[in-house]
**Student:** 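Here it is: the structure, laid out below.
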Amino acid sequence: MKDKMSQNAGESLTQQAQRAMSRPASNYLEGLNSEQRDAVETLHGPVLVLAGAGTGKTRVLITRIAHILAMGEASSFNILAVTFTNKAALEMKNRVGQLVGGAVEGMPWLGTFHAVCVKILRRHAELVGLKSGFTILDTDDQVRLIKQLLKAGNIDEKRWPARHLASLFDRWKNKGLVPSKVPAGEAHSFANGKGGELYEAYQKRLKELNAVDFGDILLECLRLFQENNDVLKEYQSRFRYILVDEYQDTNVAQYLWLRLLAQGTSNVCCVGDDDQSIYGWRGAEVDNILRFDKDFPGAKVIRLEQNYRSTGHILATASALIDNNTERLGKTLHTNIGEGDKVMLRGCWDDEEEARNISEQIEQLQRDKLNLNDIAILVRASSQMRAIEDRFVTVGLPYRVIGGPRFYERKEIKDAIAYFEVIFNSANDLKFERIINTPKRGLGEASLRPIYHYARAKGIPLVDSARALLDTEELRPAARNSIFKLMDQFDHWGTMAQMMDHTELAQIILDESGYTAMWQNDKSPQAPGRLDNLKELIRFMEEFDSMAGFLEHVSLVMDVDTGNAGERVSLMTLHSAKGLEFDTVFLPGWEEGLFPHQRALDESGKAGLEEERRLAYVGVTRAKRRSTISFAQNRRTHGQWQSAAPSRFIDELPQDHVEVMDSTSYGGYTQSTQPNRFKARENVAKDMYSEPRWNKGARSGKRTVTTIDGQARQIKKVHKSDFALGERIFHQKFGYGAITAIEGDKLTIDFEKAGEKRVVESFVEKT
DNA sequence: GGGCGTTGCGTTTTT
DNA sequence: CGCAACGCCC
């Protein structure tokens, strides 16, 4: 995305900083506490800023940059500042810009690890066996390539799935291991000892395709530095100040990369929180942050412990929880916001009741005029979302799911981009394979075989091979005709590309290729959404000057900011909540097996448990003022009803800071229609909590008829419906259906796919 | 080559 | 139980 910030042309960031400094009102150090100030002002030597949740970590980072510039210590292009996500990088750019006066282009080396490494690699591509215009493969491309290798090696794809090998490669790359360095034992663990060979073959194939996968971006950049001392020296002297965000998330390759660069300057500042390390399962090494002072001798460790986010009880609860971890550096957070409300704890009969309780509590907050945007529900696993979503749909509570499949990961977006990519870079075989038969052109495996064969024999891209075979009888007449038409279209679009705007061209390609029509003819409930996404893609492309610029952006930035308007409750996993904050946070599903997740315990033992506990810590510390933890005794998983004990984390909660709630009433709000059958176990949580080991006290209440649904609390006022009985409608979640009953603004709909559901009118669209 | 039925699997996710 | 991926059959 282009930065559309206003800029003062011709003025360097440093000059702007100095100008900003000279204005007395804009003293950027104002308002920092003494530790933050220390972290900003200790410019020389290695610094580890242990920044607890909500202690102003990002502020320190950006102020430090401003300070370096203002002191005239270095120019903006001498500062390397790396983050993990594009979101974090963008936020830093914007905030540095604001603080210093607006120039974002002035920080050329502020970006994600990957963005920075790509930039470096493009300059020195030949040194690692690539050409500067190399393409970046996404996971699909990667798997497609590996499948080909497995087939070529006659390896049973059933027993040795390509995805598994892909993750193995990834793990090696995360550790900074090139094929020759992979320990023999590990290399042999796949396909009876073929793992190592396959890795080598895969890397070789990538070079032939002039491509890198995500792991390579770091690995090859690391190799570039290791094998070319002059290049390394150049960057060592360039980067006089190094800043790293979320250091607890770095993997081995990133650590090695940083350490090499840091040998040029000792001015390394890493910011992170060992208590928030929750990505161990994808290669992050908590150990990197735990042994920082050994890796960087003479390191100064600064603890930020003043929390500006949460009230006392919330912070005390989080602290007590995380205190059960042994592998941590240790911090004591404090707040001066006040004690606030206690953390609430509620035991529920099952996940439906849990969802119902959450929705009722939210409705009460709504009556108290709390904005829905300030409320979040954080779950351990997305399977928990179903019950909650169902409930919200029933009562008409607007919500948004954060995370899930990201924009660029959607099939239709990947397909569209593959078309553009093939037009602009015809040598991109993997993208060509993706769209050759999408939409269906009668070009299946059999038809394509000669094309592959010829391409491999001649060492040419698939497109060229296809074109060449048009002059022969190799292909079946139908296939030949089909390919002829497609190649003709490719030529046509290639010509158009010279003459028109890239967005216009994109539209034409999607229409003429039949791709748009494919989804228009698709009757699945997702199809209209996919067409919308394609429109959104075209709209988004307008922000770029050219197709080439757009494609480069897309390969690295896997997400796009979907401006979600309207007041909505946020629903997301604990993982995607890291870094966010909300006034009120619900934490459902604290049950043994789910949270901590059984699999984390089985696969990683104590380390796994501690990571789960950090996840709990992250969850609790998202709340500014109110937090409700809950657990259900029964939950439907894989279609089976299963009962579970409350999480051990609940035992670890500090009693003085937690208040046990009744399950079915909240804040004096008790529905008069509440059936009495619930009274019997209303105090489940309360009783258990007072028992010695209260998680042992899970009593086997008998299963009652479950639902008291929204019907009891229907809005009685007369409501004129815009819909008619029998009318066909579309619903975002359930797809198409026909209206079978209307009561006020509640509709009962017989969905084609999802069966009969009661939904609220505002969620339904006319077709 | 495409459609349909069967089988297997089921935590978290960024670049 | 629900979905996705694969394989078989038309």
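So that the names make sense, note that chain A is the first sequence line, chain B the second, and so on, each numbered from 1. Remember, predicted model here, so these are calculated numbers, not experimental data. Atoms considered below: every heavy atom in the structure, side chains included; atoms not considered: hydrogens, waters and symmetry mates.
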**Student:** Fit a plane to each ring of W519(A) and Y515(A), take the angle between them on a 0 to 90° scale, and name the class: parallel (under 30°), tilted (30 to 60°) or perpendicular (over 60°).
**Tutor:** perpendicular

**Student:** With both distances under 3.5 angstrom, what nucleotide forms a Watson-Crick or G-U wobble pair with dT12(B)?
**Tutor:** none

**Student:** Tell me: CG of N251(A) to P of dT13(B), nearest whole Å?
**Tutor:** 18 Å

**Student:** What is the separation between atom CG on D249(A) and atom C1' on dT13(B), rounded to the nearest whole Å?
**Tutor:** 11 Å

**Student:** Please work out if R380(A) contacts a base, only the sugar-phosphate, or nothing of the nucleic acid, heavy-atom cut-off 4.0 Å.
**Tutor:** base

**Student:** How many Å lie between CG on L594(A) and P on dT12(B), as a whole number?
**Tutor:** 10 Å

**Student:** dT13(B), dC6(C), dT15(B): which one has an atom nearest the side-chain heavy atoms of H575(A)?
**Tutor:** dT13(B)

**Student:** Measure the distance from NZ on K578(A) to C1' on dT11(B) and round it to the nearest whole Å.
**Tutor:** 17 Å

**Student:** At 4.0 Å (heavy atoms only), tell me whether I136(A) reaches a base, stays on the sugar-phosphate, or touches nothing.
**Tutor:** nothing

**Student:** Starting from the 5' end of DNA chain B, give me the residue, N437(A) or T573(A), whose nearest nucleotide shows up first.
**Tutor:** N437(A)

**Student:** Which part of the nucleic acid, if any, lies within contact of K147(A), taking any heavy atom under 4.0 Å across all strands shown: a base, the sugar-phosphate backbone alone, or nothing?
**Tutor:** sugar-phosphate

**Student:** Hey, does R163(A) reach any base, or is it just sugar-phosphate, or nothing, if we go heavy atoms under 4.0 Å?
**Tutor:** nothing

**Student:** Just call it for R614(A): base, sugar-phosphate, or nothing, with non-hydrogen atoms closer than 4.0 Å on any strand.
**Tutor:** nothing

**Student:** Taking the side chain of K440(A) as heavy atoms from C-beta outward, which of dG2(B), dT13(B), dT11(B) is closest to it?
**Tutor:** dG2(B)

**Student:** Out of D140(A), D415(A), D138(A), which one pairs with K431(A) under the salt bridge (charged side-chain N to carboxylate O under 4.0 Å, His left out) rule?
**Tutor:** D138(A)

**Student:** For dT11(B), does the base pair up with any side-chain atom of R599(A) as donor and acceptor (N or O, under 3.5 Å, distance only)?
**Tutor:** no

**Student:** Pick from R648(A), R635(A), R380(A): which one makes a salt bridge (charged side-chain N to carboxylate O under 4.0 Å, His left out) with E591(A)?
**Tutor:** R635(A)

**Student:** Rounded to whole angstrom, note down the P distance from dT12(B) over to dC3(C).
**Tutor:** 15 Å

**Student:** Hey, which sits more toward the 5' end of DNA chain B by its nearest nucleotide, K87(A) or H597(A)?
**Tutor:** H597(A)

**Student:** Can a salt bridge be assigned to the pair R636(A) and E352(A) using a cut-off of 4.0 Å between side-chain N and carboxylate O?
**Tutor:** no

**Student:** Name the orientation class of the two ring planes belonging to F544(A) and F540(A) (parallel below 30°, tilted from 30 to 60°, perpendicular beyond 60°).
**Tutor:** perpendicular

**Student:** What is the separation between atom NE2 on H164(A) and atom C1' on dC9(B), rounded to the nearest whole Å?
**Tutor:** 15 Å

**Student:** Please answer whether dT14(B) and F84(A) are stacked, defined here as ring centres separated by less than 5.5 Å and planes angled under 30°.
**Tutor:** no

**Student:** For L601(A) and dT11(B), what is the distance between atoms CG and P respectively, to the nearest whole Å?
**Tutor:** 13 Å

**Student:** Out of dT14(B), dG1(B), dT13(B), which nucleotide sits closest to the side chain of R476(A)?
**Tutor:** dG1(B)

**Student:** Mind calculating the distance between CZ (R282(A)) and P (dT15(B)) to the nearest angstrom?
**Tutor:** 8 Å

**Student:** Return the nucleotide paired to dC10(C): Watson-Crick means purine N1 to pyrimidine N3 with N6-O4 or O6-N4, wobble means G-U with N1-O2 and O6-N3, both under 3.5 Å.
**Tutor:** dG1(B)

**Student:** Specify the separation, in whole Å, of atom CD of Q598(A) and atom C1' of dT11(B).
**Tutor:** 12 Å

**Student:** Base, sugar-phosphate, or nothing for E612(A), non-hydrogen atoms under 4.0 angstrom?
**Tutor:** nothing

**Student:** Tell me if the centroids of the rings in W257(A) and Y255(A) come within less than 6.0 Å of each other.
**Tutor:** no

